[in-house]
Amino acid sequence: MTGVRELKYRQWFKGADVDGDGVITREDVRLMGERYIAAREAGPGSETARRLTDGLDAFWTTVIAPMDQDGDGQVDLREMTEGFRRALADPALYPQQVGPVADCYFDLIDLDGDDRVDQAEFGEIFGLAGNVSPEDCAEVFDALDLDGSGGLSRTEFHQALAEFFYGDDPNAPAAHLFGRFAD
């Protein structure tokens with residue numbers, strides 16, 4: 001794994017450590033989902049909320065929890081980075097590892113249900129999720145909008161997440177999806 005991925009994963013960790021205690025727990029993953037659901041004013045019993053909760057449960061169980069090397073129920077930055085290095089080594093596995101959760105987030109971000117994420121939707125959710133500045137959100141969004149349509153299609157969204165989790169280019173727009181890092 002490259003230093004670029006480590007920098008990106010550190011940014012992701014900051015957003016995933018919802019309570020800021022330096023570790024990711026099942027509770028952080030649950031709170032992450034609740035944060036998105038609340039931002040979208042989706043009811044806790046809605047189909048989107050259920051899909052997101054199920055997807056995050058699966059993400060915890062299959063991706064995050066196995067990173068807990070010492071069995072204490074929490075994953076620190078070192079464990080997460082080493083875990084991502086092992087679990088996310090093969091981009092061909094994106095459809096199984098990240099794809100289902102990404103689809104749930106896309107549906108949640110797409111507030112108006114038009115099957116595209118506009119700049120306002122993108123900025124709201126990534127600003128909330130990763131404490132990304134409005135300016136950085138706008139810049140990243142414009143670069144990710146590959147067809148210049150003013151909205152991210154599901155395909156563009158998946159391409160961005162695949163680049164974030166598997167890519168090594170520090171200048172790729174998706175490298176800064178969860179906030180800018182110094183390379």
Side-chain angles (χ1 to χ4, degrees), residues 1-20 22 24 28-29 31-33 35-36 39-40 52 55-56 59 63-64 67 75-85 87-91 93-95 97-111 116-183:
M1 180 169 67
T2 67
V4 171
R5 284 198 214 169
E6 288 184 21
L7 292 170
K8 291 188 299 183
Y9 295 167
R10 184 177 305 130
Q11 286 302 107
W12 185 88
F13 184 89
K14 286 179 186 178
D17 179 16
V18 175
D19 59 14
I24 301 172
D28 284 305
V29 174
L31 290 171
M32 189 186 324
R35 187 169 51 181
Y36 284 115
R40 285 293 169 215
L52 180 62
L56 286 172
F59 187 67
V63 178
I64 302 296
M67 296 178 191
V75 175
D76 63 25
L77 179 60
R78 180 193 56 77
E79 289 173 318
M80 189 223 53
T81 302
E82 290 175 8
F84 273 176
R85 184 181 300 126
L88 300 176
D90 184 357
L93 297 177
Y94 172 89
Q97 293 175 323
V98 181
V101 174
D103 276 331
C104 290
Y105 275 106
F106 183 92
D107 292 340
L108 195 60
I109 296 167
D110 180 20
L111 184 60
R116 63 190 279 279
V117 173
D118 65 34
Q119 188 170 13
E121 292 167 330
F122 181 88
E124 179 182 338
I125 211 71
F126 281 94
L128 173 71
N131 299 315
V132 181
S133 75
E135 298 79 22
D136 285 349
C137 280
E139 185 179 326
V140 169
F141 177 87
D142 288 341
L144 295 177
D145 182 14
L146 300 175
D147 63 6
S149 67
L152 299 182
S153 67
R154 192 174 297 268
T155 299
E156 289 170 321
F157 188 73
H158 279 288
Q159 288 172 332
L161 287 173
E163 172 57 37
F164 178 83
F165 283 109
Y166 299 98
D168 296 317
D169 181 356
N171 299 312
H176 304 286
L177 193 59
F178 294 94
R180 291 224 167 268
F181 59 82
D183 53 341

Charged N to carboxylate O below 4.0 Å: is that the case for E121 and R116? no

Please report the shortest heavy-atom distance between D17 and G22, naming the atom on each side. OD2-N, 2.7 Å

With side chain to side chain contact (heavy atoms under 4.5 Å, CB included) as the criterion, how do E163 and D169 come out once you've worked through the C-alpha distance, each side chain's angles and the decisive distance to 0.1 Å? CA-CA 8 Å; E163 172 57 37; D169 181 356; 4.2 Å; yes

Spatial distance of atom CE (M80) from atom CD (E6) [nearest 0.5 Å]: 9.0 Å

Considering non-hydrogen atoms only, spot the tightest contact between A174 and A160 and give its length. CB-O, 3.1 Å

Is any side-chain heavy atom of Q159 closer than 4.5 Å to one of L146? yes

Closest non-hydrogen atoms of M67 and G83, given as atom of the first, atom of the second and distance, are CG-CA, 3.5 Å

Euclidean distance, L177 CG relative to C137 SG, rounded to 0.5 Å: 8.5 Å

CD/E82 to CG/D76 distance, rounded to the nearest 0.5 angstrom? 8.5 Å

So, H176 side chain and N171 main chain: donor-acceptor pair closer than 3.5 Å or not? no

Would you sort out whether K8 and Q11 count as a side chain to side chain donor-acceptor pair (under 3.5 Å), showing the intermediate values? CA-CA 5 Å; K8 291 188 299 183; Q11 286 302 107; over 6 Å; no

Could you tell me which non-hydrogen atom of V117 sits nearest to which non-hydrogen atom of F141, and how far apart they are? O-CE1, 3.3 Å

When rounded to the nearest 0.5 Å, the distance separating CD of E79 from CZ of F13 is 9.0 Å

Worked check of ring pair (Phe, Tyr, Trp, His ring centres under 6.0 Å) between F84 and W12: CA-CA 11 Å; F84 273 176; W12 185 88; 5.4 Å; yes

Which heavy-atom pair separates G33 from L56 by the least distance, and what is that distance? CA-CD1, 3.4 Å

Is the shortest side-chain heavy-atom distance between D103 and H158 below 4.5 Å? yes

L144 and E156, any side-chain heavy atoms less than 4.5 Å apart: no

Just by distance, do the side chain of R5 and the backbone of Y166 share a donor-acceptor pair under 3.5 Å? yes

Calculate, to the nearest 0.5 Å, the distance between atoms CG and CD belonging to L88 and Q97 respectively. 5.0 Å

Find the distance between CZ (F106) and CG (L152) and round it off to the nearest 0.5 Å. 7.5 Å

What class does the angle between the rings of F178 and F165 fall in, given that below 30° is parallel, 30 to 60° is tilted and above 60° is perpendicular? tilted

Say whether, by atom type as modelled, one donor and one acceptor occur between the side chain of D28 and the main chain of V18 under 3.5 angstrom. yes

Excluding sequence neighbours, so at least two apart, what forms side-chain hydrogen bond (donor to acceptor under 3.5 Å, both in side chains) with R10? none

Nearest heavy atoms of V140 and P173, plus distance in Å: CG1-O, 3.7 Å

